[in-house]
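Quick notes on the structure that follows.
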Amino acid sequence: MRITINGMACEAKEGQTVLQAARANGIYIPSLCYHDKTGVAGKCRVCVAEVKDMRGLQATCALPAREGMEVVTNSETVLQAQRMVVDLLLSTGKHDCIACEQNGMCELQDAAYYLHVERPGLQYADVKPDIDSSSAFVYVDRSKCVSCGRCVAGCNDVVVNEVLDFGRRGHGTSIVFNENLAMGESTCVQCGECVQLCPVGALTEKKSMGKARSWETHKVRTTCPYCGVGCQLDLHVKGEQIIRVTGVEDGSPNKGRLCVKGRFGYDFIYSEDRLTTPLIKENGEFRKASWDEALDLVANKFKQIIAESGPDAIGGVSCARSINEDSYQMQKLFRAAIGTNNIDHCART
Ligand code: FES
């Protein structure tokens, strides 16, 4: 379809909303409650625009694109409406960007910057931080929450852990875990989907706090080293150090989702306990050895076992962290070189 946004001719695909079509054509419309994965919520009204022959302002995240549609996102009427919403959100929360972990990655901050909202114009009350740091990996500050509902939709509809919901009443409405438990006492499995979906600094990763500002890191895409699913990760790296891990939203098979290990279990690479050289046990004690010495020892032991008891006396289990090619070579070694079908894979770490 051909639609016009701010006078510019744009292509839109069947089934796309105006917001999706705008993004696909490189046009920024501020938005908060919409996420490709959690879909249309139509709550925040930051994404409004004028549309020819339609009354009032339209939420572009919920508006299907139609052939010939004429959309305006940069008129004074639209910008004023967007500014008012952003101003209200900034005024009713504790959005102290300088100290916030989300600084530089915050969608509310982006909207405020785009709309030139420099400071909240409607200071309602002195909002106090509302912290829940009871869980292992997630830091919750409800005073930064904009009630967009992305975390709730993600928890219930995307990863289906069904822990998060809205609770409390009126102005005090906020996200809750189970029946308003502390996150650490709830049934949350710490997959961190809520952290990945949160557009502001209400749900952030504990372990990365204070380690780097977002602009100091660069992303390195890789495959999760744990089980065989092969989830796609972005490592956010500062210098030589991983600061945080996020799932790749448009990457198969996980589409941004991760489990607790993939998202938060990356410290092992810095462990002092990692083996960096082969060890051979002598008289009950391990001593360091060269690869040649270790491999000769293993090969000789294999030969000895085969000579005494035959090849089926040996079995091999390859590591779940091995790549496909290594696992292939492992089975080849056991079947072709050693001569046994005793070969398996531990499937999960
Ligand atoms: Fe459209 Fe929130 S992004 S209403």
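Start at 1 and go down the list; that is how both ligands and their atoms are numbered.
- The contact set between ligand 1 and Ser31, taken as ligand atoms under 4.0 Å from a residue heavy atom, comprises 3 (S).
- The distance from ligand 1 to the heavy atoms of Gly42 drops below 4.0 Å at these ligand atoms: 4 (S).
- Close contacts between ligand 1 and Lys43 involve ligand atoms 4 (S) [criterion: under 4.0 Å to a heavy atom].
- Side chains of Arg263 and Gln196: a donor on one and an acceptor on the other come within 3.5 Å.
- For the side chain to side chain donor-acceptor pair (under 3.5 Å) with Arg335, the qualifying choice from Asn342, Thr340, Asn341 is Asn341, the only one to do so.
- Distance check for Cys33 against atom 2 (Fe) of ligand 1: an N/O/S atom falls below 2.8 Å.
- The residues Arg257 and Glu193 are annotated as not salt-bridged, no charged nitrogen and carboxylate oxygen being separated by less than 4.0 angstrom.
- Around the CD atom of Glu285, the shell of radius 6.0 Å holds no more than 12 heavy atoms that belong to other residues, nucleotides or ligands.
- Interface atoms of ligand 1 facing Tyr34, defined by a heavy-atom separation under 4.0 Å, are 3 (S).
- A donor-acceptor contact shorter than 3.5 Å links the side chain of Ser208 to the backbone of Glu205.
- Looking only at protein heavy atoms, the nearest one to atom 4 (S) of ligand 1 is Arg45 N, 3.2 Å.
- Metal site remark for atom 2 (Fe) of ligand 1: Cys44 contributes an N, O or S atom at a distance under 2.8 Å.
- Within ligand 1, counting atoms from 1 as listed, the ones closer than 4.0 Å to a heavy atom of Leu32 are 3 (S).
- With respect to the salt-bridge test (charged N to carboxylate O, under 4.0 angstrom), the residues Asp130 and Arg168 qualify.
- Contact between Ala41 and ligand 1 is absent, with no heavy atom of the residue lying under 4.0 Å from the ligand.
- Rounded to 10°, the angle formed at atom 1 (Fe) of ligand 1 by SG of Cys47 and SG of Cys61 is 100°.
- Counting only N and O atoms by type, the side chains of Ser290 and Asp292 include no donor and acceptor under 3.5 Å apart.
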